[in-house]
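None of the values given here were measured: they were computed from a predicted structure.
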Amino acid sequence: MVSATPTRMAADVAGVQAALLRLEDPFFLVRTESGLAATNDPAAARTAQVLAAVPAGRPEVLGDEAFRRAHGVRQAYMAGAMANGIASARMVIALAREGILASFGAAGVLPARVDNALAEIRREAPGMPFACNLIHSPSELAMERATVDLCLRHQVRCIEASAFMSLTPQVVHYRLAGLTLRAGRVVAENKVIAKVSRLEVAELFLRPAPEPMVRDLVAAGLITAEQAELARRVPMADDITAEADSGGHTDRRPLTVLVPELIALRDRVQAELGYPEPVRIGAAGGIGTPTAAFAALSLGASYVVTGSINQASVEAGQSESTKQLLVTAGSADCAMAPSADMFEMGVEVQVLKRGTMFAARAKQLYEIYRAYESIEAIPAAERLLLEQRTFKRSLDDVWAGCVGYFTERDPEQLLRAERDPKRKMALIFRWYLGLSSAWSITGEPERATDYQVWCGPAMGAFNAWAAGSYLAPARNRQVAELAAQIMRGTAVTARVAALRQAGARLPAAACTYLPTPLEG
């Protein structure tokens with residue numbers, strides 16, 4: 001706890017740190033007759049020689065005020081989506097109540113469950129800002145359409161579009177269906193936050209929707225002719241998140257390269273098209289500590305996004321056994337493995353490798369998929385090993401399960417598999433890739449070595465930062481508390497950096513912010 005009384009003069013490490021932590025007050029480093037001292041009191045500072053000073057700097061002023069205003073939130077901080085409902089309705093509600101934007105993890109979730117989750121969020125956090133994830137699903141377009149339809153029906157005013165390689169009619173439909181004209185100004189009621197790692201994808205979201213796609217939506221009666229006309233005057237996204245070395249879908253791009261590249265691209269497109277308000281650039285991937293968040297904001301990011309660290313929170317839709325794996329992870333305990341939703345394309349996701357064999361087994365499946373044209377072509381001995389070690393059942397039984405699954409979810413998949421034996425093999429292998437995350441979520445004890453846990457190095461960085469503090473155990477990691485601690489630490493880090501730029505040299509022990517329970 002920090003004392004409510006401003007520090008008069010402090011020369012010891014504890015006193016200097018207390019003065020630094022009083023973010024609602026200015027900080028002065030002064031020279032007195034007795035030596036260097038710190039104070040938050042301007043009157044006290046005037047009695048000495050001021051060597052360096054910084055103004056008040058609460059977490060609420062970090063980042064871009066335009067982001068906070070546009071989304072109606074208190075802080076330039078977002079909790080990104082984690083698929084299969086790991087970023088649960090409970091998590092979204094907890095953050096929405098604190099004025100923090102969070103995205104429901106709709107990817108991989110059946111429409112009926114998404115429907116229930118969105119209704120729950122609207123009911124438990126009425127009028128409060130939140131987002132829903134829309135993941136690009138090239139092999140399951142029906143799921144993408146269903147998510148957009150549900151977001152429109154529930155009047156969800158923000159989606160987090162992820163894993164897109166090109167624009168689809170679904171994401172364009174969502175964006176344009178919210179366009180309206182007010183006092184001569186185009187208003188986009190349906191906001192889009194696009195999470196990207198490639199410049200060519202970012203540019204698609206920086207520019208207006210493609211004309212041919214817009215015409216098709218008008219012809220289908222999904223948008224009006226007026227909305228089609230307004231579409232020429234707005235970009236596809238309000239915000240673009242630079243996705244660096246994150247968990248799940250990632251190109252593992254360095255944040256220090258990607259954020260400046262996207263800002264430069266944004267500035268070029270803005271100079272060309274002259275939008276009334278420029279698209280904001282945020283940062284995600286590797287952000288698990290205050291110093292990482294400060295670094296992202298220093299690069300010019302308008303906001304920061306956390307993901308992996310929230311997966312071990314109380315509100316996350318993960319099993320307790322998986323959370324225990326996560327809280328013991330180090331920053332090097334991650335690996336790349338084939339993605340379930342883009343398996344045939346060779347797309348990979350970043351997962352936890354500590355305590356699970358998933359990454360190695362998933363890579364073996366992809367190697368077999370590339371080597372053979374059908375399940376029947378796999379040599380008998382190799383097939384037997386797959387059935388015994390990986391699937392733990394016959395591949396015929398697995399296929400029967402696939403038939404039942406896709407009959408409910410997307411029957412078109414079965415028709416394609418009937419025509420293409422290699423497609424059938426992909427669906428069978430995706431059975432393992434898909435269920436491995438479900439086993440992690442439910443904590444299936446017999447499948448502990450097969451858990452697929454999407455995770456980036458930020459998880460290990462957070463664990464190292466929180467070691468020995470009240471946030472070390474998973475049971476204390478309330479998701480809103482994680483956000484508060486990260487942002488408070490970021491504000492302290494920013495204050496220390498400003499002092500150092502002014503030439504101040506403070507004790508390292510006084511400048512280190514560690515998680516401490518906050519007042520009220």
Sub-3.5 Å donor-acceptor pair from the side chain of [X] to the main-chain atoms of [Y], do we have one?
{"X": "R477", "Y": "L471", "result": "yes"}
{"X": "R354", "Y": "A329", "result": "no"}
{"X": "D410", "Y": "A142", "result": "no"}
{"X": "T250", "Y": "A244", "result": "yes"}
{"X": "R198", "Y": "M165", "result": "no"}
{"X": "Y275", "Y": "L206", "result": "yes"}
{"X": "S437", "Y": "G434", "result": "yes"}
{"X": "T512", "Y": "A509", "result": "no"}
{"X": "R175", "Y": "M236", "result": "yes"}

Looking at side-chain heavy atoms only, is the closest gap between [X] and [Y] below 4.5 Å?
{"X": "I193", "Y": "I159", "result": "no"}
{"X": "M82", "Y": "N310", "result": "yes"}
{"X": "V171", "Y": "V148", "result": "no"}
{"X": "E481", "Y": "P515", "result": "no"}
{"X": "H154", "Y": "D115", "result": "yes"}
{"X": "L167", "Y": "F205", "result": "yes"}
{"X": "S469", "Y": "T516", "result": "no"}
{"X": "L150", "Y": "P111", "result": "yes"}

Heavy atoms only: give me the nearest [X]-[Y] pair and the separation to one decimal.
{"X": "A292", "Y": "I287", "answer": "CB-CA, 4.1 Å"}
{"X": "L152", "Y": "A177", "answer": "CD2-CB, 4.1 Å"}
{"X": "A497", "Y": "F294", "answer": "CB-CZ, 3.5 Å"}
{"X": "D64", "Y": "A66", "answer": "OD1-N, 2.8 Å"}

Taking salt bridge (charged side-chain N to carboxylate O under 4.0 Å, His left out) as the definition, give me every residue that meets it alongside [X], ordered by chain and number, with sequence neighbours left out.
{"X": "R69", "result": "E65, E277"}
{"X": "E160", "result": "K195"}
{"X": "E60", "result": "R58, R74"}

Roughly how far apart are [X] [atom1] and [Y] [atom2], rounded to 0.5 Å?
{"X": "L273", "Y": "R207", "atom1": "CG", "atom2": "CZ", "answer": "5.5 Å"}
{"X": "C151", "Y": "L118", "atom1": "SG", "atom2": "CG", "answer": "5.5 Å"}
{"X": "M91", "Y": "L95", "atom1": "CE", "atom2": "CG", "answer": "7.0 Å"}
{"X": "R430", "Y": "S436", "atom1": "CZ", "atom2": "OG", "answer": "12.0 Å"}

Out of D25, L21, L20, which residue meets the side chain to side chain contact (heavy atoms under 4.5 Å, CB included) rule with N40?
D25
Centroid separation under 6.0 Å, is that true for the rings of F130 and F104?
no
Ring centroid separation for Y451 and F358, is it under 6.0 angstrom?
no
Output, in order, the C-alpha distance, side-chain angles, deciding distance and verdict of side-chain hydrogen bond (donor to acceptor under 3.5 Å, both in side chains) for D245 and Q350.
CA-CA 9 Å; D245 195 4; Q350 188 161 207; 2.9 Å; yes
Verify salt bridge (charged side-chain N to carboxylate O under 4.0 Å, His left out) between E367 and K363, making sure each step is shown before the conclusion.
CA-CA 6 Å; E367 290 169 1; K363 288 179 181 179; over 6 Å; no
Derivation and outcome, side-chain hydrogen bond (donor to acceptor under 3.5 Å, both in side chains), residues H71 and D238:
CA-CA 10 Å; H71 295 285; D238 303 275; over 6 Å; no
Step by step, work out the side-chain contact (heavy atoms from CB on, under 4.5 Å) result for V496 and F27.
CA-CA 10 Å; V496 170; F27 175 94; over 6 Å; no
Tell me every residue that passes ring-ring contact (aromatic ring centres under 6.0 Å, His included) with Y303, counting only those two or more places apart in sequence or in another chain.
F67
H136: what forms a ring-ring contact (aromatic ring centres under 6.0 Å, His included) with it, not counting sequence neighbours?
F164
Do we see a donor-acceptor contact under 3.5 Å between the side chains of [X] and [Y]?
{"X": "Q478", "Y": "S313", "value": "no"}
{"X": "E243", "Y": "S246", "value": "yes"}
{"X": "H249", "Y": "D341", "value": "yes"}
{"X": "T306", "Y": "Y77", "value": "yes"}
{"X": "Q485", "Y": "Y513", "value": "yes"}
{"X": "T328", "Y": "N463", "value": "no"}

Should the pair R113-E120 be classified as a salt bridge under the 4.0 Å nitrogen-to-oxygen rule?
no
Using 4.0 Å as the upper bound for N to carboxylate O, is an ion pair formed by R252 and E348?
no
Q311, Q452, Q318 screened by side chain to side chain donor-acceptor pair (under 3.5 Å) with S440, the one that passes
Q318
Assess whether side-chain hydrogen bond (donor to acceptor under 3.5 Å, both in side chains) is satisfied between S302 and D239, documenting all intermediate values.
CA-CA 9 Å; S302 294; D239 304 274; over 6 Å; no
Applying side-chain contact (heavy atoms from CB on, under 4.5 Å) to L326 and C455, what does each step give before you reach the verdict?
CA-CA 8 Å; L326 287 165; C455 183; 3.9 Å; yes
Going through the checks in order, is the side-chain contact (heavy atoms from CB on, under 4.5 Å) test met by V50 and L29?
CA-CA 6 Å; V50 177; L29 181 68; over 6 Å; no
Using a 3.5 Å cut-off and no angle test, enumerate the donor-acceptor pairs between side-chain atoms of residues 208-219 and protein atoms at least two apart in sequence or in another chain.
unit_1: E211; atom_1: OE2; unit_2: R232; atom_2: NE; d: 2.7

Report the C-alpha distance between E24 and R22 in whole Å, list the side-chain angles of each, state the deciding distance to 0.1 Å, and finish with yes or no for salt bridge (charged side-chain N to carboxylate O under 4.0 Å, His left out).
CA-CA 6 Å; E24 65 276 14; R22 289 193 58 80; 3.3 Å; yes
Run the side-chain hydrogen bond (donor to acceptor under 3.5 Å, both in side chains) test on S88 and E315 for me, step by step, so that the C-alpha distance in whole Å, both residues' side-chain angles and the decisive distance to 0.1 Å come before the verdict.
CA-CA 7 Å; S88 64; E315 296 87 353; over 6 Å; no
